[in-house]
Amino acid sequence: MSVRVRFAPSPTGQVHIGNIRAAIFNWLFARHNGGQFLLRIEDTDRERSTPEAVQTILGAMEWLGLNFDETPLYQSTQHGQHHEAAEKLLAAGRAYKEDKGGTGQGECILFRMPGTDMGFHDEIKGDLLKKAEDMKDFVIVRSDGSPVFHLANVVDDITQGITHIIRGDDHVENTFRHVALYQALGAPVPRYAHLPMIVNAQGKPYSKRDGAAYVGQFRDMGYSADALFNYLTLLGWSPGEDREKMTRDEIIAAFTLDRVKSSPAQMDIRKLTHMNGLYLADLPLDIFAAGVRRHLATLDWGQALDETLFMKVCRLMQSRTPLFVQSESWKYFFVDPLDYDEKAVHKTLRKEGVKAALETIRDHLAGCDFSEVGIQQAIRSSEAALGSGEGKLNQTIRIAVTGVTTGAGIYETLCVLGRERSLTRFNNTLTTQLGAP
RNA sequence: GCCCCCAUCGUCUAUCGGUUAGGACAGCAGGUUCUCAACCUGUUAAGAGGAGUUCGACUCUCCUUGGGGGUGCCA
């Protein structure tokens, strides 16, 4: 029997990190076993379901490379099936109508639990048992005629021929009800696997209050899809060896449910960021540049950048960029006048002799071969002329031409900026930051 | 309250009865360096507690404690 799994989100907003991890694990399971990965949109909540949210789900899945194998099934198209199932259960005596609680809302349909102890095997948690007295009958169709989650979910899973249900831990208790439903409906019971929750530092389910919680947020912050995919895969699962950064194919090959942990996992954004840096550093330059461009495009100064300069900057900065958003600090490569770091200017530039030093260096640079080596030599000879130690003036130069204290090597930085621009910056700094021309 | 699940460094994890309990992130120290990162080297740090089974328990059983989930005409 071929493996068929599904991701069944409700289109009611953003895609939560816990949900997408469930999707990832389903996807991996399907790919590892050569099965099908299906998508079902559970849009029965008409109040909250929106077409935009459907697009958000589709977008998140595409971004992460979670391709599905059949046309998505919209739960709202399945009402007929749901009611048919309810009727069938009614006819078989497995369900009954009742004005539950006597609230006068009218009659709803309740499913009659078998009245015997039940159990099922969870691929992650092992054998789970429940005593008959701990399971109560439950509503499957509301008094307004709408099917409840349990019924709709099970009927749709039967319709889609789902063989393995891989979902969040919070559904463990529901599973006994679902198994009973399958049996009453005469359908083969699928295999179940319940994934541990992603929690915050307090051990509570990770939510938007704990930081980035939605796929879109991670994307906007400059995480790469591959890095997020890889990291999420490692929350609650490991290949069983000391390997963390893995290609998708490696993960698919190694992925089995018996290696999924059953204890909750805490989200560690720092580790994600570290991994993201590894991914960004490994990206081909043009792909990296495309990612950067996407982020800079949201900034007023980042939209129409000189292509040649932009690519030079990307090449220079790639290895030191753990997140795409950090490219926002590259502004000094592109925009004049500089935004000076006041503290640095005060501490480093407003000192005795700096003015003369900058003028000397400027003049040496003006006449040198403006390559990295040439620039370095020019600075060395300036230092010699000024009686300064080697490299002692580098930081002064950096602040003079970039306005800030951190960045790539100063020789490379000057080289990328070019002679004309560098010299102009020296002059601008001399006049605007150090007073008299 | 009742039912269920979970428990190894701060965090993510390896270990499927015998290990100096390994790796990664974070931290710390050092190296490299013109700065900040990156990188390299080193290093701090763990089996919640208690019984039992066993020649031998992180590993198996039970209890305690702690955490989480469920207990809806939500999903």
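FYI, side chains are in, hydrogens and waters are out, and symmetry mates aren't considered; it's all heavy atoms of this structure. The chains referred to below are lettered A, B, ... by the order of the sequence lines, with proteins before strands, and numbering in each begins at 1.
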Engineer: What integer distance in Å separates Phe120(A):CZ from C5(B):C1'?
Structural biologist: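 It is 11 Å, rounded to the nearest whole Å.
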
Engineer: Only pairs with both distances under 3.5 Å count, Watson-Crick or wobble alike; so what is the partner of U43(B) in this structure?
Structural biologist: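 Checking every strand shown, U43(B) finds its partner in G27(B), with both distances under 3.5 Å.
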
Engineer: Please give, in whole Å, the distance from C12(B) P to Leu272(A) CG?
Structural biologist: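 Going from CG in Leu272(A) over to P in C12(B) covers 14 Å.
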
Engineer: Among A7(B), C34(B), C12(B), which nucleotide sits nearest the side chain of Asn394(A)?
Structural biologist: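 Looking only at side-chain atoms, Asn394(A) lies closest to C34(B).
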
Engineer: So Leu128(A), base contact, sugar-phosphate only, or nothing? Heavy-atom distance under 4.0 Å.
Structural biologist: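 Sugar-phosphate only.
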
Engineer: Pairs in or reaching into residues 266-292 of chain A: which pass salt bridge (charged side-chain N to carboxylate O under 4.0 Å, His left out), with residues at least two apart or in two chains?
Structural biologist: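 Sorted result for residues 266-292 of chain A: Glu244(A)-Lys271(A), Lys245(A)-Asp282(A), Asp268(A)-Arg270(A).
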
Engineer: Enumerate the residue pairs fulfilling salt bridge (charged side-chain N to carboxylate O under 4.0 Å, His left out) with a member in residues 383-407 of chain A, sequence neighbours excluded, ordered by first and then second residue.
Structural biologist: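 For residues 383-407 of chain A, and leaving out neighbouring residues, the salt bridge (charged side-chain N to carboxylate O under 4.0 Å, His left out) pairs sorted by first residue read Arg380(A)-Glu383(A).
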
Engineer: Identify whether any heavy atom of Leu235(A) sits under 4.0 Å from a base atom; if not, whether one sits that close to sugar-phosphate; answer base, sugar-phosphate or nothing.
Structural biologist: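 Sugar-phosphate, backbone atoms only, no base.
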
Engineer: Using the side-chain hydrogen bond (donor to acceptor under 3.5 Å, both in side chains) criterion, which residues pair with Arg94(A)? Sequence neighbours excluded.
Structural biologist: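 Partners of Arg94(A) by the side-chain hydrogen bond (donor to acceptor under 3.5 Å, both in side chains) criterion come out as none, since no residue qualifies.
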
Engineer: Test salt bridge (Lys or Arg N to Asp or Glu O under 4.0 Å) on Glu241(A) and Arg243(A); report intermediate values, then the result.
Structural biologist: CA-CA 6 Å; Glu241(A) 46 187 307; Arg243(A) 214 163 31 133; 3.3 Å; yes

Engineer: Take atom CD of Gln266(A) and atom P of A26(B), then tell me their distance rounded to the nearest Å.
Structural biologist: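 My rounded result for the distance is 16 Å.
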
Engineer: Write down the distance separating the C1' atoms in A75(B) and C28(B), rounded off to the nearest Å.
Structural biologist: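 It comes out at 46 Å once rounded to the nearest Å.
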
Engineer: Hey, which of Phe176(A), Tyr182(A), Phe138(A) is the one that makes ring pair (Phe, Tyr, Trp, His ring centres under 6.0 Å) with His150(A)?
Structural biologist: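 Filter result, single survivor: Phe138(A).
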
Engineer: Write down the partner of A51(B) under the Watson-Crick or G-U wobble criteria, each distance required to be under 3.5 Å.
Structural biologist: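 Pairing partner: U61(B).
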
Engineer: Considering only the C1' atoms, how many Å lie between C9(B) and C5(B), rounded to the nearest integer?
Structural biologist: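 Straight-line distance between the two C1' atoms is 24 Å.
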
Engineer: Could you run down nucleotides 59-75 of chain B 5' to 3' and tag each one B, S or - for protein heavy-atom contact under 4.0 Å?
Structural biologist: ---------SBS-SBSB

Engineer: Any donor-acceptor pair under 3.5 Å linking the side-chain atoms of Tyr332(A) with those of Thr413(A)?
Structural biologist: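 No donor-acceptor contact under 3.5 Å links the two side chains.
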
Engineer: Using salt bridge (Lys or Arg N to Asp or Glu O under 4.0 Å) as the criterion, list what pairs up with Arg259(A), not counting sequence neighbours.
Structural biologist: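 By the salt bridge (Lys or Arg N to Asp or Glu O under 4.0 Å) rule, Arg259(A) matches no residue at all.
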
Engineer: Closest nucleotide of RNA chain B for Trp237(A) versus for Ser319(A): which of these residues is on the 5' side?
Structural biologist: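 Counting from the 5' end, the first nearest nucleotide belongs to Trp237(A).
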
Engineer: At under 4.0 Å, does any side-chain N or O of Thr405(A) touch on OP1 or OP2 of U35(B)?
Structural biologist: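 Answer is no, no contact under 4.0 Å.
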
Engineer: What contact category does Tyr411(A) fall into here, base, sugar-phosphate, or nothing, at under 4.0 angstrom with non-hydrogen atoms?
Structural biologist: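 Base: the residue Tyr411(A), judged by heavy atoms under 4.0 Å, touches a nucleobase.
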
Engineer: Rounding to a whole Å, what distance do you find between His274(A):NE2 and G27(B):P?
Structural biologist: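 Going from NE2 in His274(A) over to P in G27(B) covers 11 Å.
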
Engineer: Going through the distances and angles, do Arg48(A) and Asp45(A) end up as a salt bridge (Lys or Arg N to Asp or Glu O under 4.0 Å)?
Structural biologist: CA-CA 6 Å; Arg48(A) 297 190 299 150; Asp45(A) 187 339; 3.0 Å; yes

Engineer: Does U35(B) have a Watson-Crick or wobble mate here (both distances under 3.5 Å), and if so which one?
Structural biologist: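 Base partner found: none.
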
Engineer: Ignoring backbone atoms, test whether Arg259(A) places a side-chain nitrogen or oxygen under 4.0 Å from the OP1 or OP2 oxygen of U15(B).
Structural biologist: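 Yes, such a contact exists.
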
Engineer: Where the side chain of Glu412(A) is defined as all heavy atoms beyond and including C-beta, which of U8(B), U11(B), C34(B) is the nearest nucleotide?
Structural biologist: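 Side chain of Glu412(A) sits closest to C34(B).
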
Engineer: Looking only at atom C1', what distance separates A51(B) and A46(B), rounded to whole Å?
Structural biologist: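 Roughly 23 Å separates the two C1' atoms.
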
Engineer: Rounding to an integer number of angstrom, what distance separates U43(B) and G23(B) when you compare their P atoms?
Structural biologist: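 Here U43(B) and G23(B) have their P atoms 10 Å from each other.
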
Engineer: When the C1' atoms of G49(B) and A57(B) are compared, how many Å lie between them, rounded to an integer?
Structural biologist: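 A57(B) and G49(B) have their C1' atoms separated by 16 Å.
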
Engineer: Say you pick atom C1' in U20(B) and the same atom in U15(B); how far apart are they, in whole Å?
Structural biologist: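 Here U20(B) and U15(B) have their C1' atoms 15 Å from each other.
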
Engineer: Once you round it to whole Å, what is the distance between C1' of G1(B) and CG of Asp134(A)?
Structural biologist: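 That distance rounds to 13 Å.
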
Engineer: Roughly how far apart, to the nearest Å, are G52(B) and U59(B) at atom P?
Structural biologist: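 Here G52(B) and U59(B) have their P atoms 14 Å from each other.
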
Engineer: Base, sugar-phosphate or nothing for Ala408(A)? Non-hydrogen atoms, less than 4.0 Å.
Structural biologist: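 Result for Ala408(A) = base.
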
Engineer: Could you give the distance separating C62(B) and U53(B) at their C1' atoms, to the nearest angstrom?
Structural biologist: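 Comparing C1' positions in U53(B) and C62(B) gives a spacing of 11 Å.
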
Engineer: Between Cys314(A) and Trp330(A), which heavy-atom pair has the shortest distance, and what is it?
Structural biologist: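 The pair with the smallest heavy-atom distance is SG-CZ3, 4.0 Å.
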
Engineer: Which listed nucleotide (G10(B), U13(B), A24(B)) is nearest to the side chain of Glu244(A)?
Structural biologist: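 Of the candidates, A24(B) comes closest.
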
Engineer: Using a 4.0 Å heavy-atom cut-off, does Arg380(A) contact any base of the nucleic acid, only the sugar-phosphate backbone, or nothing at all?
Structural biologist: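 Result for Arg380(A) = nothing.
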
Engineer: Applying side-chain hydrogen bond (donor to acceptor under 3.5 Å, both in side chains), name anything that partners Thr424(A), two or more places apart in sequence or on another chain.
Structural biologist: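 Expected list: none.
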
Engineer: Specify the separation, in whole Å, of atom CE of Met246(A) and atom C1' of U13(B).
Structural biologist: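 Rounding to the nearest Å, CE of Met246(A) and C1' of U13(B) are 11 Å apart.
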
Engineer: In the strands shown, is G72(B) matched to any nucleotide by a Watson-Crick or G-U wobble pair with both distances under 3.5 Å, and which?
Structural biologist: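 Across all strands, not a single nucleotide pairs with G72(B).
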
Engineer: To the nearest Å, how far apart are Ile269(A) CD1 and C12(B) C1'?
Structural biologist: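 Rounded to the whole Å, the gap is 14 Å.
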
Engineer: Whole angstroms only, please: what is the NZ-C1' distance between Lys261(A) and U8(B)?
Structural biologist: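 Computing the Lys261(A):NZ to U8(B):C1' distance gives 8 Å.
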
Engineer: Establish whether the base of C34(B) is bridged to the side chain of Arg398(A) by a donor-acceptor pair shorter than 3.5 Å.
Structural biologist: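 Indeed, a donor on one side and an acceptor on the other fall under 3.5 Å apart.
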
Engineer: Taking a pair as Watson-Crick or G-U wobble with both distances under 3.5 Å, which nucleotide is matched to U15(B)?
Structural biologist: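 With both distances under 3.5 Å required, U15(B) matches none.
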
